[in-house]
2 protein chains.
Amino acid sequence: MDNSPNISPEIPGGDSTEQRIFDAAHELFVQKGLDGAKMQEIADRAGINKALLHYYYRSKEKLFEMVVKAVINRAFPAIRQLLESDGPLEQKIVRFIDFYIELISRNTFVPLFIITELNRQPDRFFETIFPKDIPRPEVFFRQVEQEVALGNIRPLKPQHLLINIVSLCVFPFVAKPMFRVLLGMSPQELSQFMSERKEEVKRFVFQSIKP
Amino acid sequence: MDNSPNISPEIPGGDSTEQRIFDAAHELFVQKGLDGAKMQEIADRAGINKALLHYYYRSKEKLFEMVVKAVINRAFPAIRQLLESDGPLEQKIVRFIDFYIELISRNTFVPLFIITELNRQPDRFFETIFPKDIPRPEVFFRQVEQEVALGNIRPLKPQHLLINIVSLCVFPFVAKPMFRVLLGMSPQELSQFMSERKEEVKRFVFQSIKP
DNA sequence: ATATTTTTTAACCAAACAGTTAAACTATTT
DNA sequence: AAATAGTTTAACTGTTTGGTTAAAAAATAT
């Protein structure tokens with residue numbers, strides 16, 4: 001049916017109660033945050049009693065942490081693979097933009113969720129939550145530096161390039177409602193407009209790194 | 001001392017109790033959101049008793065709404081002025097980037113706060129909270145179309161240009177902790193690096209719109 | 001000084017909430 | 001079918017939280 005990239009809960013089981021609870025928690029925590037999502041609401045959405053939450057997942061904090069880990073562990077390996085993969089720089093950038101815009105447009109709340117969590121408890125991330133295999137963009141960086149040295153692209157720090165690309169891919173979707181206001185578009189118009197972004201971002205980026 | 005642009009509470013009074021309460025609420029709501037910030041915490045930060053909050057501001061909801069309005073009404077006129085001002089396109093873009101990066105780097109939580117609120121209650125914004133004078137970027141849009149027609153810049157929809165510029169200015173600061181992880185930098189290194197962004201974004205944008 | 005209004009506080013209240021308990025119900029094993 | 005382990009529930013508990021009240025203290029007016 002649809003094997004597009006998607007950051008969604010996919011812990012162990014299939015349709016078990018445990019799984020349904022986790023899915024409900026995942027959806028509500030990502031949308032409303034730790035304080036915004038209530039245990040009763042999670043129970044209702046999972047179609048079970050509140051006490052069951054505590055039977056399967058000891059506390060709200062524990063459940064929340066599991067959700068955070070699940071989100072992180074699905075979001076970062078995606079970046080990792082792309083940054084560390086082989087192939088010429090241009091191809092890599094094209095694939096990154098295509099994949100990442102696809103990913104974010106299907107999971108608009110996830111970046112906001114991750115950023116909020118990183119702000120809320122920065123230390124926890126480095127100590128416990130984060131996987132040991134954070135994407136190491138050095139391969140990508142060296143590749144950019146090489147192209148600069150060869151004169152194929154203009155001089156720029158690869159870190160800026162990475163930040164710029166990610167910003168152009170992610171922010172428009174995160175801030176979609178804001179841009180809707182700013183551009184005065186209807187939801188339909190905006191969706192149509194957003195579907196152009198894959199190509200626009202590519203043009204924008206490639207033009208901007210020309211020598 | 002410091003007359004840089006700053007989105008901060010500046011409702012009526014100076015150092016009155018009422019003002020101190022509002023300032024405390026502003027700070028905590030922007031950082032922690034409606035559910036995350038507690039009334040007791042606001043009272044503590046303002047250095048007063050909790051009951052005083054309800055003496056000056058009837059309910060949490062009311063106080064929150066005032067904070068939201070204050071944030072919105074300081075963030076948007078800033079954009080408005082720049083989008084509707086006179087002057088050649090290039091100058092306008094330069095000023096916009098300088099001003100906006102300065103603004104956001106001093107108020108990193110504000111964009112996140114606005115976006116979260118827009119997601120939480122999209123209707124409220126259009127009905128009550130939003131000022132009637134939303135920035136109308138048509139002047140800017142027509143100017144871009146003109147430059148395209150003259151062949152001074154490559155063909156592109158002005159809406160994409162605006163979104164791209166805003167994304168490049170705002171997102172790196174909003175997602176600072178995420179980039180810290182991704183780039184493996186210390187807070188000091190990252191701050192140093194971020195200070196380069198004004199110039200980098202300008203180069204990136206101008207290069208990308210060349211014919 | 002006395003009265004009056006504004007400001008501030010401690011103590012209290014009711015609702016919402018995370019979490020607990022003990023019992024019942026179901027499915028599986030023996 | 002009896003025992004056992006796994007699953008689900010209703011009812012309860014203690015804490016947090018938004019909000020109230022009544023009275024004291026401070027400031028202002030008469």
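All figures in this text were calculated on a predicted structure; none of them were measured in a lab. Naming convention: chains lettered A, B, ... in sequence-line order (proteins, then strands); numbering from 1 in each chain.
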Check side-chain contact (heavy atoms from CB on, under 4.5 Å) between [X] and all other residues, then give those that pass, not counting sequence neighbours.
{"X": "B/Lys92", "result": "B/Ser85, B/Val139, B/Phe140, B/Gln143"}
{"X": "A/Gln188", "result": "A/Ser186"}
{"X": "B/Ser59", "result": "B/Glu61, B/Lys62"}
{"X": "A/Ala43", "result": "A/Gln40, A/Ile48, A/Lys50, A/Leu53"}

Legend entry - Where chain A begins and ends its contact with DNA chain C, read 5' to 3' at 4.0 Å from heavy atoms: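 Boundary nucleotides touching chain A, in 5' to 3' order, are C/dC17 to C/dT21.
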Inset, instruction - For B/Lys157, enumerate each residue passing the salt bridge (charged side-chain N to carboxylate O under 4.0 Å, His left out) test, keeping only those at least two apart in sequence or located in another chain. - result: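 Checked B/Lys157 against salt bridge (charged side-chain N to carboxylate O under 4.0 Å, His left out); matches are A/Glu196.
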For [X], which residues count as a ring-ring contact (aromatic ring centres under 6.0 Å, His included) partner, sequence neighbours excluded?
{"X": "B/Phe173", "value": "none"}
{"X": "A/His160", "value": "B/Phe193"}
{"X": "A/Phe96", "value": "A/Tyr100"}

Inset, instruction - For A/Lys32, enumerate each residue passing the side chain to side chain donor-acceptor pair (under 3.5 Å) test, keeping only those at least two apart in sequence or located in another chain. - result: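 Result, side chain to side chain donor-acceptor pair (under 3.5 Å) vs A/Lys32: A/Glu41.
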Legend entry - DNA chain C contacts among residues 51-60 of chain B, heavy-atom distance under 4.0 Å: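 Here the set is B/Ala51, B/Leu52, B/Tyr55, B/Tyr56.
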Inset, instruction - Could you check which residues of residues 31-50 of chain A get a heavy atom under 4.0 Å from DNA chain D? Sort them by number, please. - result: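 Only A/Ile48, A/Asn49 qualify.
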